[in-house]
Structure formats: C-alpha cells, structure tokens
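Structure first, commentary second.
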Amino acid sequence: MSEKQPYKPQEIEPKWQQKWEDTRLYQAEVDWDKPKHYALTMLPYPSGNLHIGHWFAMTPSDARARYMRMKGYNVLFPMGFDAFGLPAENAAITRNIHPAKWTYSNMDHMRNQLRSMGAMFDWEREMVSCEPGYYRWTEWFFKQFFDNDLAFRGEALVNWSPTLQTVLANEQVIDGKDERTGQPVIQKMMTQWFFRYTAYADEMLDFSGIDWPEPVKIMQRNWIGRSEGANVVFKTEHGDALEVYTTRPDTLWGATFMVLSPEHPLVEKLTTDEQRPDITAYVEQAANATEIERTAEGRDKTGVFTGSYAINPVNQKRIPIWIADYVMITYGTGAIMAVPFGDQRDFEFARKFGLEIVAVVQPENMDEPISVPEMEQAYDGPGTMINSGPINNQINNGAKGRKNPAINAAIDWLDENSAGRESVNYRLRDWLISRQRYWGSPIPMRYPITATNGDGSEVEFEDAVEMENGLPALDNGQLQIKDGYNVTFGAPESAPDDVLPVELPEDVEFLSSGRSPLTYYAPFLYTKDTDGNWFRRETDTMDTFMCSSWYWYRYLSPGLTDTAFSAEEAAYWLPVDVYTGGAEHATMHLLYARWFAKAMRDLGIFTDAEAIAREHGREDDDLFGEPFKLLRNQGQVLGAERPGDMILATGRKDGDRIIADRVQVIDGALDAMPDAPTVFYGELIRRTENVLRLKDAAGEEVIVEVPEGGMVEIPAIDGENDVNQLKHHLEIQRMSKSKGNVVDPDALVAVYGSDAVRAYLMFGFDWQKGGPWNDTQINGVTGWLNDMWNLTTADAPDGDDPDDDRDLERDMHKAIRGVEKGLESFKFNTSIANLMTLRNVLEGALREGRVSTEMWNEALRTNLLLAAPFAPHITEELWERMGGEYSVHNQAFPVYDEEKAKDDSVELVIMIQGKPRGTLMVSADIAKDDAIAMALESEIAQKHLNGGEPKKIIFIPGRAGNPEPKVNIVV
RNA sequence: GGGGAAGUGGCGGAAUUGGCAGACGCGCAUGACUUAGGAUCAUGUCUCUUUGAGGUGAGGGUUCGAGUCCCUCCUUCCUCACCA
C-alpha cells in the first residue's frame, strides 16, 4: 500500500475482466436458500457497433444489479442478441455478405465491446435469437398458439412496403412511412399470419401488481384503446344488414345518413348506376393513396353518395348512404351512422354536402331551444335528450358508456327491440407477424400438396411436375406443372415437433429486388414427410418482435434441447424483478411481451414451474402472467449541439444563390462586415454536396454553391481543403452516423477507462431523462477516480482524536444512506454525488491527520464497497491492495446505521412567517418545548415580535436526511 | 386536435415528496506552487440598492410554510391521430 503508483485504468481493467471470467464470478445458479433477483436490460440488435446509448442503458442497470448482489441477492443479469432482422438482409443484398456471416461477425465484435463495460453479464447464459437452438422454440411457441387458436391465417388490408417487399405492423408504420427506413407504405389486401392480440386486451389493461412508469401504462392503455358502445344493425333498402359501431347510441335518433369506408364490401352492391362513375373513381383514388396522402388532405371532408338508402332502425327514417375516406375499414365495422349534430366530422361532412342535421340534445344551461342552422360546430356536451322518441327527456351527463343515463336507456331500448346490442371495441388490431423476408424465424407451417391428372384422379406429385435432383424444378419460384396435370395446396398444417426447427437454408442467393430467397429456393420450399407426402412450406418468416417476446425465458436454460426453458429455473428466477430499457418500446415490445406471458400461462406452459415454486413456498398469486414486475426507462443520450463554421464566401450572384469561387472559414471575429454585394458571411447550417446553406447576421438564409475548382480555405486544417471538411451546425437531436454527431464509447474507454465512462454516464445525466451529450464534466469523474486511487494508496493517518473519528464515521454513514437511496430510486447521479462528498471528507481527514488508522481504513473500505457497483475495476484493484479478500463484488454492501449518522448538534432554524431568518446551534435531540423556548428568546424572534405575542408557533423536528429542527413563528 | 412529460444559476443537475432552494460536478474568478500550465492545491462563485431583502417559465389560489399541491396561461419535448 505504501508503494505509489499512478491510476492506470488501461492496465487494471482488462486484468480484472479476465479474472472475473476465469473465476466465474458472475455466474448465477439456482439456490433456493438465497433470495433471487432477476435483473434484465434490453438486449441489443447486432448492428455492428455498441454506441453510447447502449452504455447509457446498460451500465447503470449493471450498477444496480451489482448493488442487489452485494445486498445478498442471488442475481441473474444475462445478455444476448436480438439477431434476426432486416439490416442483415440488406447487407446481404447490397454488399453480398450472407446475413448469418454479417450477424455473427457483428456479434463477435460487440461481445468484446460489451466485455469492456465491465458489466456482470452472465455470458454462460447468452442467447442468440438467430441460432436454430433458439428459434426452434420460437417456432414451437408459434405452434402452441396455432393449435390453440391464438394464431391464424387471415386476409387483411396490410401495410405493404414496396421498397422492402414486406408487410409491416401498424406499430412500425409512422406517418405512412416505414419506421426504420422512412420509405412509403401502401395498403394492400393479403393473406397473412396473425396472433389474436385482442384476446388479452382487457387483461393487458390491468396493471395491478406491476410497478411500471405511469406514462408507459397510459401509452399502452391508449394503444389498446378500449371503448364502450353498441353495435346497431341498419338495413339497406336492398335488405342487406349494415352493421355499425357507435359509442353514442343515445344519438341514434339523430343519425341522418350513413358513411361507409371506401373499402367496405357492400359498396359495390349499394352503388347505383348513376353514381357508379363517381364511386369507382373515389374508391380507386382512396386505394392508391398512401396513408400519408390520405391523412395529409387535412380537415376538408371528401366523399361520394352511393345512390342507395338505409333505414334507421330506431325511427324507420330513410337515410342516404355515402362513402368517405374519413371512415376507416380497420376500425369498428368499417361503417358509421352519421350524427352530424353530435360529431364534428359528421357535422363538417353534412354541412359540405347539404345533409340533414337533427338536434337530439338540448344543451345544459341553454334557455331557448337549440337552433340547428345557427350551430357552428357539433355539440357533444351534456344536456337533455330531444327528438329521440323513447329516450326523450333522458339526462345526458356527457359520461361514457352506461354511466350516462341517456346511453344506458338507448342500449336497453336497442336490446328490448332487438335492434342492436351493447359492445366493446378496441383500437388494438390483431398482431400481424408475417414478414416476407428471409432473415427471420421460419413459420413452422406447411401446405399439403395434391396432384391430379386430367381425369381429376390423384397422382404422384413427382409425376405431375418437372423434377430435378429429387426436388421440383422451379422457374422463378414457380412449379413447372406438366401439361394435363393440376397441383393444389391444402389448408395449412403445422410441422410436427420432431422436424423442428424448420431451418433457414444457408446456401441461398439474394436478389437485388429484395425478394425472399425462401420463395424460390426449392430445397426449402418443397418437402416430403416420411410417408412420401409432399408439402409446400410457408415462406413467410416471423416478425422479430416474436423472437424478442420470450428471450428472458431462454436465458434460464439457453442450451436446453427438450424444452424452451427449465421449469425449476423458471420457478426460481421468474418473474423478472427489474427490466430496464428505452421508452420507445412502450407500445410494441413491452405489450407483445405481456401478451406472450399471458398466452403462455393459459396454455399451461408454466404449470410445472408453478408447482415447483409452490413447493418452495412461493405463494405469489400470479408469478407468470406478467413478465416484468418492475420497469424503468432510461432517457436518451442525444447528440451535442455544435456551431457550424463561420464562413466568408466571395463570388457572384446567380438567381437566388451565390456561386462562390472562394470560401474561407473565419476563426474568431470578422474585422468588419463586408459590404460588397458579392461577399457573404454567416454560419454554415447545412451542406449537401457542394451547396452550402449559411445563416447571415440577420438570420437570413443564403445559399452558396461552390463550383468545381472553387477555393476552400480552412485555417485549422493544413494542406488543400475541400467542401467536405466544412463543419455544419449540429442541433441537439438523436445521434446518427448521417448527422455526424455520434459518440464512440470505445474511444472514450481508450482514453479514460471503462470505470470513468460508466461513472460519467451515471453522474452527468438524470438517467430517466437523458439529454444532450457533453463531455466537459468527465473531468469531474476522472478526478474522483484519481482521488479514490490516491487516497487509498496514501499513507494512512495515525491520529488519536476521537471527535475526528466520530465525524468521519458519521459522514461515512451519511454516504451509505445517500448512495443506497440513489441506487434504489434509479437516481445514479445522486449516488455518485454522495461518493464525491465522502471523497471530500476523506481528503480533509487525511490533510488534518487526526483520525485513527483504524477509522481511516474502515472509511476507505466503506468507500470502496460503496463505489464498487459504479466503478467495478478500480475498486477491485484497490480492495486487493488494501488486503481485502477477492472479490470486492462478493462483499456485503455497507449497512446504514441511523444512530451513527446522527449529528450531535445541529442548527435550529428560526423561521418567521415560514421564512428562514436565522439559526442557533442546539443539541440534535432537542425537545420541542426547549426548541420553541430558545427560538422565542432569540434576537431574531424578539425583533420580529417587537414585544407582541406570536399568533402561532410550529415546530418541525429533524429527521433522517433532514436533521435540522425548525421553529416557525407566526407574528 | 387528443393524451403524456417537463420548465430551477453560465452549464449538467440536487432538494428526504409540503419544511434553510441551488447538494455534487463542470465552468469561471482570485491566490499558491511553477520556466510554463489546458497539471496540482487553496479560497470564492444565485441576484440586488447587502445591519437587510428578493429569487425555481408567467399570473392567481390553498397553507404557519409551496420548486413541490390546485386553477389559468406561455414554452419545449414525446406520443397517438378523421377511432365512430
């Protein structure tokens, strides 16, 4: 310890990482004698590089997992890869690398990067979703759902991306564009695989028993979008039933027309010859419009009359049927009854096309009868029902569902007259899991093949088609059926368990069109069972959200081949105690995960685990129905703001732009603002190729074009310069390669060490909030680590002042409390702040030199233990140097002792009218009456009382964390 | 348009959830040591008309006491969006 060596993170960090692995320090094993803690952080996609956001998400989660471990929990903290997905396939198409090769080499690289974090990941439990050993069980889950009617094949209007040649889930379509690539998405009718997402809609609305952030719960609630109302059947004049869903059955008597979605199946039949041209044109226009065009049209309502009429079942009124694209085929029944009086959209539509408006509610607080012609907008507030036959005079209190007397009466009336029924609707659609891609888990389904000859009698498949090496010969993916033969495909059936996994073929070729090779690769496409029956395989693969909907179960037993996970491991570890990750998963991954858990539970997949758990006395009501007991979201680290280069451009004007033959970057201030019309000065805001956008002093945008051979001068960069070296303005926004604002964690680790990067990320931000990157504060953290090193390796003081010992002990316990509180509440920045305060105290104590060696060493050890979750390497090194037993991460977390943290004397705060006006030193355990007496005698109080009597005196006793007692005197 | 979160020094951010606002750090200032300092150490750092007073986006309210609770408004960010 006396030997002085500087702190060199680059030397000690790899050393300890190696030793931790060699000694299997972080391997978690079931131990029923110890309480368990399953800490989970969202697994990365193997994009190729870990970015600072991964560090920001994972290292605090690691710190907390380490803390729980030191608190005596048996902690499981695993890591894996969400390895299927489009980028791998795009790499295959554009760069001719096989998706598997690309993915595996990325994972190798990222594994090393993850190791450099010094996190306590249990690598022996790693799972990789693209490995057959994993997706075999993804397929198995699919089969379970299929066999139990939770998975089905259906026709649906889907989001089709022509660019990606695949279908996307609603959640993946943002503003009519693909969430990932930003390419347009169109609507198309296709046969696809779905999960019955709404089967658990109501259960997923129940968050009791789980501790999740309120915003996530609200987002999920809105996403599920439960609404209560009624389904009402209108009859067309042809006699067809036209069912509508409404949340306002009370306004049925005001329904003066109907509107169908352009895609509604009855549109064709209802269209009269006279209206046909208009209707056809409108339907076509709506079909070709992408979602973005359809919504971008804004407020202005469009629509066409079909020429047909329906009968309103409540009053037998004949009402026209229109079509309009403001009615969505995907919600409700794809048709609405329009009540222009009460619905703003219907109101606008009626006004535009001159349709009737009937008032059905006399608004509250309106003396004269409501006048429809004077209305400027629909009325949906409370009042009394009018013009509504049997429910006239009912009170409409504006509430939703049966809580509204008018709605209640209307539903009862519908029921009694068999005109409709109460119903619940969800915004949530079934989960579309089909993807027309190669790099995903195969869907273990197949279609039996029947071959027939001209007579219609069955023949061998081999005889009906051209064959090649025992397989059907394909032409562009198509069977070559011999003349006179016919081949049909039967209803889908699941592949038997013993052929799982249906493996992705490796030696496939990728076409630049992006078409999935599975659709033209015969050995995958056609298969024969042992009885010689031929099948065509399903070529769709699963949405990768399917892979990530059960990965934390696989961590329990990643190598297991006979079940997806071991019942005993599940019984011990589940549910996940803490799940951390980004809030952007609120309505996708986190909702899918909940659905999955509930479906698994109901299919009996947890039955064995549950029995084992009960045997061991775990009596929780629902161990498996919710996957994550506690969820916390970290914020996002954004790119730093950076000013653009200040540029002086000289050239000539050409239209609205400047053709500059000379562009200079000006360092510092410009001597004088140029006044010539051909010289411009401003900050470079954006550059595309050789076109620069400058913002001049007046804030006006100036476009400068640098022609071929134009001179570029950048004083800070030697040699010849070109436009590519100009730095443009960076706003605070998400980091991305194209914006040039990414922060590379590897580079930071190389300079400062992993502990410093970890500590900086935890100290510099509010973890749950995130914020723009700014590395100026990293000095504060490296200083702290250096000080920790220097203090621990310094010669210990050898004093004998019991008061100083007591002071140090007190500060030590205050630090324990502060660090612990921060970790418990995910406020990692405050934990480190408390450690820095302790550092300041230790420095003072060392300087004064009056504390005993014993106390000093105890304080140092406590300091290392408290810091160990945040900076695992330096603390391990110093712990060893202090003679501590390996490993510091196996030690118990220091125990906070309130008595020892107590101050002997504290400041008594004297407040006048609630404002602090002065203090007195008093004993920490001063009694209320004594404190009040002392306060009243004080000069400050006397001054304010000015001889009078106080009106009121309030005593606020000191507490842990806020030890100062207060006396508030009201004069 | 609906829903949500947030607004605190020059900056990142604290504040036991109603009890001394600005912890901790960055930056800055002054000084020390230095040939030097972008190293290190010490001291200081909310504002003002400084025996005191004011101050947490603006305005109002509840309270002995409000950054914290309530109402109105402004700003920013996120999210859903013609959902019947």
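Just so you know, these numbers use all the heavy atoms, side chains as well, and skip hydrogens, waters and symmetry mates.
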Please state the [atom1] separation for the pair [N] and [M] - nearest whole angstrom.
| N | M | atom1 | value |
| --- | --- | --- | --- |
| B/rA23 | B/rG18 | P | 22 Å |
| B/rG9 | B/rU56 | C1' | 10 Å |
| B/rC48 | B/rU43 | C1' | 24 Å |
| B/rU8 | B/rU75 | C1' | 15 Å |
| B/rU63 | B/rG13 | C1' | 29 Å |
| B/rC78 | B/rA39 | C1' | 44 Å |
| B/rG65 | B/rA58 | C1' | 22 Å |
| B/rG19 | B/rC26 | C1' | 30 Å |

Among [options], find the nucleotide with the atom closest to the side chain of [X].
| X | options | answer |
| --- | --- | --- |
| A/Thr247 | B/rA84, B/rA14, B/rG3 | B/rA84 |
| A/Asp787 | B/rA53, B/rC80, B/rC41 | B/rC41 |
| A/Met328 | B/rG19, B/rC64, B/rA84 | B/rA84 |
| A/Lys827 | B/rC82, B/rA15, B/rC20 | B/rA15 |
| A/Arg917 | B/rG13, B/rG54, B/rC82 | B/rG54 |
| A/Glu907 | B/rA84, B/rC82, B/rC20 | B/rC20 |

With a non-hydrogen cut-off below 4.0 angstrom, is A/Gly770 in contact with a base, only sugar-phosphate, or nothing?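 Result for A/Gly770 = sugar-phosphate.
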Quick one: do the A/Tyr326 and A/Asp346 side chains pair a donor with an acceptor below 3.5 Å?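 Their side chains do contain a donor-acceptor pair, which is all the 3.5 Å distance test asks for.
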Will you find, in the side chains of A/Asp250 and A/Asn396, an N or O donor that is under 3.5 Å from an N or O acceptor?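 Per modelled atom types, A/Asp250 and A/Asn396 side chains form a pair under 3.5 Å.
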A quick test of your reading: do over 12 heavy atoms of other residues, nucleotides or ligands sit less than 6.0 Å from NZ of A/Lys928?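 For A/Lys928, atom NZ is not crowded (no more than 12 foreign heavy atoms under 6.0 Å).
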Return no unless some side-chain N or O of [X] is found under 4.0 Å from OP1 or OP2 of [N].
| X | N | value |
| --- | --- | --- |
| A/Tyr331 | B/rA84 | yes |
| A/Arg345 | B/rG1 | no |
| A/Arg427 | B/rA81 | yes |

Only pairs with both distances under 3.5 Å count, Watson-Crick or wobble alike; so what is the partner of [N] in this structure?
| N | answer |
| --- | --- |
| B/rG67 | none |
| B/rG7 | B/rC74 |
| B/rA81 | none |
| B/rC33 | none |
| B/rA14 | none |
| B/rA23 | none |
| B/rA53 | B/rU47 |

Kindly say whether, by distance alone, the side chain of A/Glu348 makes a donor-acceptor pair under 3.5 Å with the base of B/rC82?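 Per atom types, no contact qualifies.
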Should A/Phe763 and A/Met836 count as side-chain neighbours, where that means a heavy-atom distance under 4.5 Å?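 Yes, their side chains come closer than 4.5 Å.
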Sub-4.5 Å side-chain heavy-atom contact between A/Asn633 and A/Thr580: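 They are not in contact (no side-chain heavy atoms under 4.5 Å apart), so the answer is no.
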For A/Thr330 and A/Ile218, take the nucleotide of RNA chain B holding the closest heavy atom to each; which residue's nucleotide lies nearer the 5' end?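 Nearer the 5' end of the strand: A/Ile218.
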If each of A/Lys943 and A/Thr246 is mapped to the nucleotide of RNA chain B with the nearest heavy atom, which maps nearer the 5' terminus, i.e. the 5' end?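 The residue closer to the strand's 5' end, by nearest nucleotide, is A/Lys943.
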Residue from A/Phe828, A/Phe56, A/Phe765 passing side-chain contact (heavy atoms from CB on, under 4.5 Å) with A/Gln634: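 The single option meeting the side-chain contact (heavy atoms from CB on, under 4.5 Å) with A/Gln634 is A/Phe56.
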Between protein and nucleotides 21-26 of chain B, map the contacts as a letter string: B base, S sugar-phosphate only, - none, heavy atoms under 4.0 Å, written 5' to 3'. S-BBBS
Could you give the CD1-to-C1' distance, from A/Ile969 to B/rC20, as a whole number of Å?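 So the CD1-C1' distance, A/Ile969 to B/rC20, works out to 15 Å.
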Stacked cation flag A/Arg758 on A/Trp55, 6.0 angstrom / 45 deg: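 The answer is no, since A/Arg758 fails at least one limit relative to A/Trp55.
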Return the orientation label for the A/Trp773 and A/Tyr760 ring planes: parallel under 30°, perpendicular over 60°, tilted otherwise.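 Taking A/Tyr760 first and then A/Trp773, their aromatic rings stand perpendicular (interplane angle over 60°).
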I'd like to know if the side chain of A/Asn829 reaches the main chain of A/Gly764, judged simply by a donor and an acceptor atom lying under 3.5 Å from each other, with no hydrogens or angles considered.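 Judged by distance alone, no pair lies under 3.5 Å.
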